[in-house]
A.B. asks: 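Below is a structure I'd like to ask you about.
Values reported hereafter were calculated over all heavy atoms of this structure, with side chains retained and with hydrogens, waters and symmetry mates removed. Predicted model only: the values in this text are computed from it and were never measured.
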Amino acid sequence: MPETTIQTFGVRRIEIIAADGTADEALLPGLSGDQLRRIHYLMLLTRTFDRRALALQREGRIGTYPSVLGQEAAQVGSAFALQPSDWVFPSFREMGAHLTLGYPVHQLFQYWGGDERGLRTPDGMNLFPICVSVGTHIPHAAGAALAAKARGDRSAVAAYFGDGATSKGDFHEGFNLAGALKLPVVFICQNNQWAISVPLAAQTASQTLAQKALAYGFEGIQVDGNDVLAVFRATGEALARARNGGGPTFIECLTYRMADHTTADDASRYRPPADVEAWRDRDPLLRFERFLAKRGLWNGDYGAEVQAQAEGEIDEAVRRYESVPPPEPGEMFTCACAELSRRQRRQQENIR
């Protein structure tokens, strides 16, 4: 018998806004001018938070911090597509997603300042705690999606992670469960092309990360991760498919980590400076401002106005963070267990 091909696969790529701000009008999502300006402000707020956090770390006022610089579009664009009923599983570099979802800004500073109370998610917000261990939250996200499907509700689940997580066993286990049971989950990978000092080419032979989803029976899409509207469109479509019983989607947001991995890292020791400079021209915030300017929604005066607004919001958040009294030692038991054992209660009483 002759050899035959059982199946062939392809990976879609979505890009809407070019580097000069021109856009494919046919692909533009139906967002109002106010919504577009809100997206811009959230990207600007994320960058302003990022700069302040780096300054605070250098001054010894917070601990080790992972910069978001260059990844604002991937985070804000995806989070802006979420609904309050959706569940979100972040990793450790999703400050833009947190801010878009309305997480208290001062609590983010608290967390990076080493105060665990910063991770106390406000009531009514379906946001799980930050996951620092790479990729271990991916099966948890699949489990939450399984629960949503079992309940029969219309909520979807979004899980954020980086390209390094796609080389972890947790990634494959979570994807296998999601594909086999057709779970309502959207996996959002910020492929910033560096897993700390390991370049993407050294950790996978795949031409794209998106194609990894195909082995588990669902679609993988690659989007220009520096194009906030492309990310928003792809995420919105994937969430709608998940809520309507269409199963999971994997979105690879191709972007670049413009800063060091964290403030404990020196990327100049392993990353070619020319690569960084090439990606500066693709700055997601500048690209979106050019897009808005062509539509009469941004100019220099407006830019200065919203920058001052973002600075003021961050100033107030830092003031609140640094005015919070330190926790009492006995608070270490708070939220640790549903009920304290007799031994834990004795320990708590002795601490007081």
A.B. asks: For the backbone of P129 and the side chain of H137, can you confirm whether one donor and one acceptor N or O come within less than 3.5 Å of each other?
C.D. replies: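 No, the answer is negative, given that no donor and acceptor are paired below the 3.5 Å cut-off.
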
A.B. asks: Drop me the distance from L209's CG to T166's OG1, to the nearest 0.5 angstrom.
C.D. replies: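 It is 4.5 Å, given to the nearest 0.5 Å.
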
A.B. asks: Assess whether side chain to side chain contact (heavy atoms under 4.5 Å, CB included) is satisfied between Q193 and N191, documenting all intermediate values.
C.D. replies: CA-CA 5 Å; Q193 303 178 60; N191 178 6; 3.6 Å; yes

A.B. asks: Between the side chain of R257 and the main-chain N/O of A195, is any donor-acceptor distance below 3.5 Å?
C.D. replies: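 Such a contact is absent between R257 side chain and A195 backbone.
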
A.B. asks: Identify whether V105 and I130 are in the same connected component of the hydrophobic contact network (ILVMFWY, side-chain heavy atoms under 4.5 Å).
C.D. replies: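 Yes; I130 is reachable from V105 via cluster members.
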
A.B. asks: Between D224 and R282, is the closest basic N to carboxylate O distance under 4.0 Å?
C.D. replies: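 Salt bridge: no.
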
A.B. asks: Would you say the side-chain atoms of Y256 pair up with the backbone N or O of A278, donor to acceptor, closer than 3.5 Å?
C.D. replies: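 Between the backbone of A278 and the side chain of Y256 there is no qualifying donor-acceptor contact (under 3.5 Å).
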
A.B. asks: Just do the salt bridge (Lys or Arg N to Asp or Glu O under 4.0 Å) check on E277 and R280 with the steps written out, would you?
C.D. replies: CA-CA 5 Å; E277 289 305 313; R280 289 193 194 282; 2.9 Å; yes

A.B. asks: Starting from the C-alpha separation in whole Å, work towards a yes-or-no answer on side chain to side chain contact (heavy atoms under 4.5 Å, CB included) for D86 and V186.
C.D. replies: CA-CA 10 Å; D86 297 327; V186 179; over 6 Å; no

A.B. asks: Please tell me whether D170 and T136 have a donor and an acceptor in their side chains that are separated by less than 3.5 angstrom.
C.D. replies: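 On atom types as modelled, these side chains do not qualify, holding no pair under 3.5 Å.
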
A.B. asks: What distance separates L285 CG from H40 NE2, expressed to the nearest 0.5 Å?
C.D. replies: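 Rounded to the nearest 0.5 Å, the CG-NE2 separation comes to 5.0 Å.
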
A.B. asks: Closer than 3.5 angstrom, by distance alone: can the side chain of Q107 be matched with the main-chain N or O of R120 as a donor-acceptor pair?
C.D. replies: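 Yes, because the side chain of Q107 sits within donor-acceptor range (under 3.5 Å) of the backbone of R120.
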
A.B. asks: Checking ring pair (Phe, Tyr, Trp, His ring centres under 6.0 Å) between H98 and each of Y111, F92, Y103, which is the one that passes?
C.D. replies: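 Exactly one pass, corresponding to Y103.
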
A.B. asks: Which residue pairs pass the salt bridge (Lys or Arg N to Asp or Glu O under 4.0 Å) test with at least one member in residues 144-165, sequence neighbours excluded?
C.D. replies: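 Salt bridge (Lys or Arg N to Asp or Glu O under 4.0 Å) check on residues 144-165 returns R151-D153.
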
A.B. asks: Could you go through the side chain to side chain contact (heavy atoms under 4.5 Å, CB included) check for F291 and L229 one step at a time?
C.D. replies: CA-CA 10 Å; F291 166 81; L229 295 187; 3.7 Å; yes

A.B. asks: Would you say the rings of F175 and F218 are close, in the sense that their centroids are separated by under 6.0 Å?
C.D. replies: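 For F218 and F175, the ring centres are under 6.0 Å apart.
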
A.B. asks: Kindly compute the distance separating OG1 (T249) from CG (L239), expressed to the nearest 0.5 Å.
C.D. replies: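 Interatomic distance, T249 OG1 to L239 CG, rounded to 0.5 Å: 8.5 Å.
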
A.B. asks: Would you say T48 and E311 are linked by a side-chain donor-acceptor pair, where the criterion is simply a distance under 3.5 Å?
C.D. replies: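 No, because no side-chain N or O of E311 sits under 3.5 Å from a partner of the opposite role on T48.
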
A.B. asks: Same cluster or not: F232 versus L286, using hydrophobic residues (I, L, V, M, F, W, Y) connected whenever any side-chain heavy atoms lie under 4.5 Å apart?
C.D. replies: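 Looking at the clustering, L286 is in a separate group from F232.
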
A.B. asks: State the CD1-CG distance between I138 and L177, to the nearest 0.5 angstrom.
C.D. replies: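 Reported value, rounded in 0.5 Å steps: 12.5 Å.
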
A.B. asks: What about F89 and F128, are their ring centers closer than 6.0 Å?
C.D. replies: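 Judged by ring-centre distance (under 6.0 Å), F89 and F128 do meet the cut-off.
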
A.B. asks: Hey, quick one: are L214 and F187 part of the same hydrophobic cluster, counting side-chain heavy atoms closer than 4.5 Å, chains of contacts allowed?
C.D. replies: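 No, L214 and F187 fall in different hydrophobic clusters.
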
A.B. asks: Salt bridge (Lys or Arg N to Asp or Glu O under 4.0 Å) between R271 and D265: does it pass, once the steps are laid out?
C.D. replies: CA-CA 12 Å; R271 190 169 60 181; D265 175 45; over 6 Å; no

A.B. asks: Rounded to the nearest 0.5 Å, what separation is found between the OG1 atom of T235 and the CD1 atom of I221?
C.D. replies: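 Taking OG1 in T235 and CD1 in I221, the distance rounds to 8.5 Å.
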
A.B. asks: What ring pair (Phe, Tyr, Trp, His ring centres under 6.0 Å) pairs are there with at least one residue in residues 44-76, not counting sequence neighbours?
C.D. replies: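 Qualifying pairs, neighbours excluded: F49-F109, Y65-W112.
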
A.B. asks: Using a strict threshold of under 4.0 Å (side-chain N to carboxylate O), is an ion pair present between K212 and E252?
C.D. replies: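 No salt bridge links E252 with K212.
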
A.B. asks: List in chain and number order the residues that pass salt bridge (Lys or Arg N to Asp or Glu O under 4.0 Å) with E116, two or more places apart in sequence or in another chain; answer none if no residue qualifies.
C.D. replies: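 Expected list: none.
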
A.B. asks: Under 4.5 Å between side-chain heavy atoms, hopping through other hydrophobics if needed: is there a path connecting W194 to I188?
C.D. replies: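 No: no chain of side-chain contacts under 4.5 Å links W194 to I188.
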
A.B. asks: Keeping to residues at least two apart or across chains, list the salt bridge (Lys or Arg N to Asp or Glu O under 4.0 Å) pairs with something in residues 227-237.
C.D. replies: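 Salt bridge (Lys or Arg N to Asp or Glu O under 4.0 Å) check on residues 227-237 returns R233-E237.
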
A.B. asks: Can a donor-acceptor pair be found, under 3.5 Å and without considering hydrogens, that links the side chain of R93 to the backbone of S67?
C.D. replies: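 Side chain of R93 to backbone of S67, a donor-acceptor pair under 3.5 Å: yes, one is there.
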
A.B. asks: Using salt bridge (Lys or Arg N to Asp or Glu O under 4.0 Å) as the criterion, list what pairs up with D260, not counting sequence neighbours.
C.D. replies: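 Checked D260 against salt bridge (Lys or Arg N to Asp or Glu O under 4.0 Å); zero matches.
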
A.B. asks: Do you know which two heavy atoms are closest between V231 and G77, and how far apart they sit?
C.D. replies: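 Closest heavy-atom pair between V231 and G77: CG1-C, 3.9 Å.
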
A.B. asks: If we count only N and O atoms by modelled type, under 3.5 Å, do the side chains of H172 and Y216 hold a donor and an acceptor together?
C.D. replies: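 Y216 and H172 do have a side-chain donor-acceptor pair below 3.5 Å.
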
A.B. asks: Testing the 3.5 Å rule here: is there a donor-acceptor pair between the side chains of N226 and T255?
C.D. replies: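 Side chains of N226 and T255: pair found under 3.5 Å.
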
A.B. asks: Is there a path of hydrophobic side-chain contacts, each under 4.5 Å between heavy atoms of I/L/V/M/F/W/Y residues, joining M258 to L200?
C.D. replies: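 L200 and M258: separate clusters.
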
A.B. asks: Test: salt bridge (Lys or Arg N to Asp or Glu O under 4.0 Å). Region: residues 16-45. Which pairs qualify, not counting sequence neighbours?
C.D. replies: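 Passing the test, one end in residues 16-45: E25-R295.
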
A.B. asks: Between the side chains of Q344 and Q348, does any donor sit under 3.5 Å from an acceptor?
C.D. replies: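 Side-chain D/A pair, Q344 to Q348: absent.
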
A.B. asks: Step by step, work out the side chain to side chain contact (heavy atoms under 4.5 Å, CB included) result for V11 and F9.
C.D. replies: CA-CA 7 Å; V11 174; F9 302 93; over 6 Å; no

A.B. asks: Any idea which heavy atoms bring Y41 and A310 closest together, and the distance?
C.D. replies: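 Closest approach of Y41 to A310: OH-CA, 3.4 Å.
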
A.B. asks: For A81 and R243, which heavy atoms make the closest approach, and how far apart are they?
C.D. replies: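 In terms of heavy atoms, the two residues are closest at O-NH2, 4.2 Å.
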
A.B. asks: Can a donor-acceptor pair be found, under 3.5 Å and without considering hydrogens, that links the side chain of N299 to the backbone of D301?
C.D. replies: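 Flag set: sc N299 to bb D301 pair under 3.5 Å.
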
A.B. asks: Hey, are E72 and T46 close enough side-chain-wise for a donor-acceptor pair under 3.5 Å?
C.D. replies: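 No.
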
A.B. asks: Taking NZ, NE, NH1 and NH2 as the nitrogens, is one of them in R319 or E316 under 4.0 Å from a carboxylate oxygen of the other?
C.D. replies: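 Between E316 and R319 there is a salt bridge, with a charged N closer than 4.0 Å to a carboxylate O.
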
A.B. asks: Look at atom NZ of K168 and say whether more than 12 heavy atoms of other residues, nucleotides or ligands are closer to it than 6.0 Å.
C.D. replies: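 Check passes, neighbour count above 12.
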
A.B. asks: Does atom CD of Q207 have more than 12 heavy-atom neighbours, drawn from other residues, nucleotides or ligands, at distances under 6.0 Å?
C.D. replies: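 No - once you tally the heavy atoms of other residues, nucleotides and ligands closer than 6.0 Å, there are 12 at most.
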
A.B. asks: Looking only at heavy atoms, what is the nearest atom pair of G118 and Q110, with distance?
C.D. replies: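 Closest pair (atom of G118, atom of Q110, distance): CA-CB, 3.8 Å.
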
A.B. asks: How far does CD of E219 sit from CD1 of I251, to the nearest 0.5 angstrom?
C.D. replies: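 Rounded to the nearest 0.5 Å, the CD-CD1 separation comes out at 9.0 Å.
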
